[in-house]
Amino acid sequence: MARYQDYPLSIYNSYNREKEIFTPLHEGHVGMYVCGPTVYSNVHLGNVRTFLTFDVLYRYLIHLGYKVRYVRNITDVGHLVDDVDEGEDKIAKKARLDNLEPMEVVQMYTNDFHNTLALFNFLSPSIEPTATGHIIEQIQMIEQILNNGFAYEVNGSVYFDVPKYQEAKGNYGQLSGRVLEDLISNTRELDGQDEKRSPLDFAIWKNADERHIMKWPSSWGIGFPGWHLECSAMSTKYLGKEFDIHGGGMDLKFPHHECEIAQSVAADGVAPVHYWMHSNMLTVNGQKMSKSLGNSFSPSELMTGNHHLLKKGYSPMTVRFFMLQSHYSSTLDFSNDALDAAEKGFRRLNNARKSLAKLSYLSGPMDEALNKEIQSSLNSAYLNLSDDLNTAKAIANLFDLATRINSMAGGKLKPGALSEGTFNRLKQEYEQIINDILGLRLEESDESGMMDGLMHLLIDIRQQARKNKDFATSDQIRDTLSALGVQLKDGPEGTSYSIE
RNA sequence: GGUCGGAUGGCCGAGUGGCUAGGCACGGGUCUGCAAAACCCUUUACACCGGUUCGAAUCCGGUUCCGACCUCCA
């Protein structure tokens, strides 16, 4: 029996605004699409948070026993800097400024994106399609939409006819909670919109002038596809007309995801996504982290602490842990105090985890209550993860277990107080939850080999000194190591060490 | 302006009607040659005003403040 039957997953579906039991289209299989980055600049920590949410979801789905196809695109068509016809495309602009080929820009920032995700221990998606690699699919989709009468061509551009779509299907605005009349009355007056029949219409193919670098031939002339279209085309290609989960940042809900739904319905007649998931924003002093506000950190600034808003640097795993301590649907505020607290908490969790790995079972007098408590904490961790991916609550369960593990490591509790089955389950699942599901790997640089030998030598010398009551020597060893970032811990079983 | 969401203790952050969230910090204790780590105990809450209810942080109404989206944005 697969784990997903023991711990059925529920997901808050943004489309209905309700938490629902997750039932995939095809038993045992999950198709999941997440909107990836536009590769015209370095990713920042806010971007990382969104991808983290879906990395953990992906890991958890796999752990539950699903076979998952995870598609996350790379947007490498530039799209416009603003919504004006004359607007330059973002990648072309960057290329011009840096005197590069557009594809050099794309490659550079795609590499940066991959490096960053690797740093934070993200799993690779099953398929990572690029928009430029799927121009044909996008053109085909535009043709379908045109054939079905939900788009019109003007001067080599094709626009999606929102009012007409609304009349026929009536669901535009459902996802984002917009009302068409409100949208119309609030539309800003922008230049170059005279081609559109309604200000709500959006381009699915855009005519390109000579200045445009990234452009392709089509039956409507030379141009490039609209931004919203690539996700519809690529999700359809790899996951089908209907698929299970679509994720992305909250800020993509409107217009991007709303338009995706409209395009798919207009082309194929069915709503594409069964469960919409939106990850909330990372904030700094209460404001969304974004490049334009100048309050974003790059991963390297974060690690070195080399940023005016940071007091010191933090490791990627510390940040990952920090983010997982909140729920993905809440905004999370980024501050030095919060990071400091997370760093210490994470160290505590890791210490417990390492202690547990070293413990072995010795039968002894059973403690039924404790045995039950451990089982129930492990069950809770899974139930919380299955409850709309509540990593915050699952981590609280892990800390409860950390207290018991530490008691065992300190000799206050004996492993024999647990049944052998419980002990083995704890040992296996504790590490699984932290490492496989939450993706929190140990970061110690070098705790083996020569380093370990040297440490044991020092510990032995210090032990000898302590025996001789030569505390000057023993303290010198401990304090010098401490200054180097190595912590000695005297316990009943002898001295151990950990590296900060 | 429109739409949506938020306001929890010193800090971060879960929690949707009654049952200790958790982490960090603070205080006390145990252990230790001293420390650190660990363990035990302990303190500080639900923006404001009304209402519903036997009972509300949680539901309803109002007020204030904050944010997101409405234009590219994870």
Side-chain angles (χ1 to χ4, degrees), chain A residues 17 34-38 40-41 43-54 75 78-84 87 89-90 173 176-179 181-183 185-188 190 227 247-256 278-283 286-293 296 321-322 325-327 329-349 351-352 355 380 384 390-400 402-407 409-413 466 469 471 474-475 478-479 482 487-492 496-498:
Chain A
R17 285 144 224 238
V34 172
C35 291
T38 304
Y40 71 106
S41 67
V43 289
H44 62 72
L45 231 48
N47 307 115
V48 169
R49 189 188 185 202
T50 296
F51 299 121
L52 172 63
T53 299
F54 297 103
T75 297
H79 303 298
L80 301 181
V81 176
D82 49 42
D83 197 24
V84 180
D89 109 23
K90 282 188 276 193
S176 55
R178 309 289 153 132
V179 180
E181 290 71 42
D182 295 345
L183 283 172
S185 62
N186 285 304
T187 303
R188 298 178 190 191
L190 292 170
W227 173 44
M250 207 76 115
D251 49 357
L252 294 184
K253 229 182 194 180
F254 188 89
H256 186 59
H278 289 96
S279 180
N280 215 323
M281 298 293 107
L282 184 66
T283 60
Q287 275 205 316
K288 176 181 172 181
M289 180 181 279
S290 75
K291 247 162 265 169
S292 51
L293 286 167
S296 61
F321 173 79
F322 164 71
Q325 270 189 304
S326 74
H327 191 253
S329 66
S330 305
T331 54
L332 172 62
D333 200 59
F334 195 92
S335 70
N336 284 285
D337 288 348
L339 262 289
D340 284 342
E343 187 171 58
K344 289 180 190 166
F346 185 46
R347 191 177 303 154
R348 180 170 137 81
L349 191 69
N351 285 339
S355 299
S380 293
N384 286 323
N390 198 326
T391 51
K393 282 181 93 175
I395 286 173
N397 298 133
L398 295 177
F399 275 112
D400 291 339
T403 300
R404 299 307 185 191
I405 292 166
N406 286 332
S407 290
K412 289 200 171 121
L413 286 176
R466 291 176 74 204
K469 305 241 183 257
F471 296 124
S474 69
D475 287 354
R478 186 182 62 201
D479 297 344
S482 170
Q487 198 173 50
L488 293 185
K489 293 183 262 193
D490 295 332
S496 61
Y497 69 94
S498 66

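Letters go in sequence order (proteins before strands), and every chain restarts at 1. For the numbers below, each heavy atom of this structure counts, side chains included, while hydrogens, waters and symmetry mates do not.
Looking at A:Asp333 and A:Thr283, their side chains do bring a donor and an acceptor atom within 3.5 Å of each other. Checking A:Arg49 against A:Ser326 by side-chain atom types alone, a donor-acceptor pair falls below 3.5 Å. For the residue pair A:Asn384 / A:Asn397, a side-chain donor-acceptor distance below 3.5 Å is found, with atom types taken as modelled.
If you check B:C59 for Watson-Crick or wobble pairing at under 3.5 angstrom, you find it paired to B:G51. Pair assignment for B:A38 gives B:U30, based on Watson-Crick or G-U wobble hydrogen-bonding distances that are each under 3.5 Å. When both distances must be under 3.5 Å, the Watson-Crick or G-U wobble mate of B:G67 is B:C4. B:G17 is unpaired under the Watson-Crick or G-U wobble criterion, no partner having all donor-acceptor distances under 3.5 Å.
A:Leu282 comes within 4.0 angstrom of a nucleotide base, judged by non-hydrogen atoms across all strands. Nucleic acid contact for A:Leu488: base, since at least one base atom lies under 4.0 Å from a heavy atom of the residue. Here A:Thr283 lies out of heavy-atom contact (under 4.0 Å) with every strand. At a threshold of 4.0 angstrom between heavy atoms, the contacts of A:Gly46 include nucleobase atoms, whether or not backbone atoms are also involved. Looking at heavy-atom distances under 4.0 Å, A:Asp337 makes contact with sugar-phosphate atoms alone, never a base. Nucleic acid contact for A:Ser407: sugar-phosphate only, since backbone atoms but no base atoms lie under 4.0 Å from a heavy atom of the residue. If you check every strand for non-hydrogen atoms under 4.0 Å, A:Lys288 touches a base. Across all strands, A:Ser355 comes closer than 4.0 Å to no nucleic acid atom at all (heavy-atom distances). Nucleic acid contact class of A:Ala341 (heavy atoms, under 4.0 Å, all strands): base. In this structure, A:Asp400 reaches the sugar-phosphate backbone alone: every heavy-atom distance under 4.0 Å involves primed, P, OP1 or OP2 atoms, never a base.
A heavy-atom distance below 4.5 Å is not found between the side chains of A:Thr391 and A:Gln325. Contact annotation: the side chain of A:Pro37 approaches that of A:Phe51 to within less than 4.5 Å [non-hydrogen atoms, C-beta and beyond]. A:Phe322 places none of its side-chain heavy atoms less than 4.5 Å from the side chain of A:Glu343.
When the side-chain nitrogen and oxygen atoms of A:Arg348 are compared with OP1 and OP2 of B:G23, one or more of them lie within a distance under 4.0 Å. OP1 or OP2 of B:A25 sits under 4.0 Å from a side-chain N or O of A:Lys344. Regarding contacts with the backbone of B:A74, a side-chain N or O of A:Asn47 is found under 4.0 angstrom from either OP1 or OP2. Close to B:A14, at under 4.0 Å from its OP1 or OP2, lies a side-chain N or O of A:Ser330.
Across the P atoms, B:G62 and B:C69 are found 26 Å apart, a figure rounded to whole Å. If you take atom P in B:U64 and the same atom in B:U52, they sit 23 Å apart, rounded to whole Å. For the P atoms, the distance from B:A35 to B:G23 is 25 Å, rounded to whole Å. Rounded to whole Å, the P atom of B:C59 lies 16 Å from the corresponding atom of B:U8. Comparing B:C24 with B:C31, their P atoms are spaced 23 Å from each other, to the whole Å. B:U3 and B:A74 have their P atoms separated by 27 Å, with the value rounded to a whole Å. Rounded to the nearest Å, the gap between the C1' atom of B:U53 and that of B:A45 is 23 Å. Spacing of P atoms, B:C12 relative to B:A25, comes out at 15 Å, to the nearest Å.
The side chain of A:Lys489 lies closest to B:A36, out of B:A74, B:A14, B:A36. Listed nucleotides: B:G67, B:U30, B:A37. Nearest to the side chain of A:Lys412: B:U30. With B:A37, B:C39, B:A74 as the candidates, the nucleotide lying closest to the side chain of A:Thr50 is B:A74. The side chain of A:Arg17 has B:C4 as its nearest neighbour among B:A21, B:C12, B:C4.
Between A:Ile405 atom CD1 and B:G22 atom P the separation is 16 Å, expressed in whole Å. Rounded to whole angstrom, the span from the CG atom of A:Asp251 across to the P atom of B:C4 amounts to 19 Å. When the P atom of B:G6 is taken as reference, atom NE2 of A:His327 falls 13 Å away, rounded to whole Å. If you take CZ of A:Phe399 and P of B:G13, they are 15 Å apart, rounded to a whole angstrom. The distance between atom CE of A:Met281 and atom C1' of B:A68, rounded to the nearest whole Å, is 8 Å. Rounded to whole Å, atom P of B:A38 lies 12 Å from atom CG of A:Leu349. Atom CG of A:Asn336 and atom P of B:C11 are 16 Å apart (whole Å). We find that CG of A:Asn390 is positioned 9 Å from C1' of B:G15, with the value rounded to whole Å.
For A:Lys291 and A:Tyr40, the positive end sits near the middle of the six-membered ring, less than 6.0 Å away and at most 45° from its axis. Taking the ring centre of A:Phe254 as origin, the terminal cationic atom of A:Arg178 falls inside the region bounded by 6.0 Å and 45° from the ring axis.
Comparing A:Gln325 and A:Ala402 by the nucleotide of RNA chain B whose heavy atom lies nearest to each, the residue mapping closer to the 5' end is A:Gln325. Residues A:Arg404 and A:Phe346 both approach RNA chain B. Their nearest nucleotides, taken by heavy-atom distance, put A:Phe346 toward the 5′ side.
Checked by distance alone, A:Asp333 brings no side-chain donor or acceptor within 3.5 Å of a matching partner on the base of B:G67. In the interface, the side chain of A:Arg478 is paired with the base of B:C34 through a donor and an acceptor atom under 3.5 Å apart. With hydrogens and angles left out, the side chain of A:Asp490 and the base of B:A35 share a donor-acceptor pair within 3.5 Å.
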Run A:Asn47 and A:Met289 through side-chain contact (heavy atoms from CB on, under 4.5 Å) and show every step you take. CA-CA 9 Å; A:Asn47 307 115; A:Met289 180 181 279; over 6 Å; no
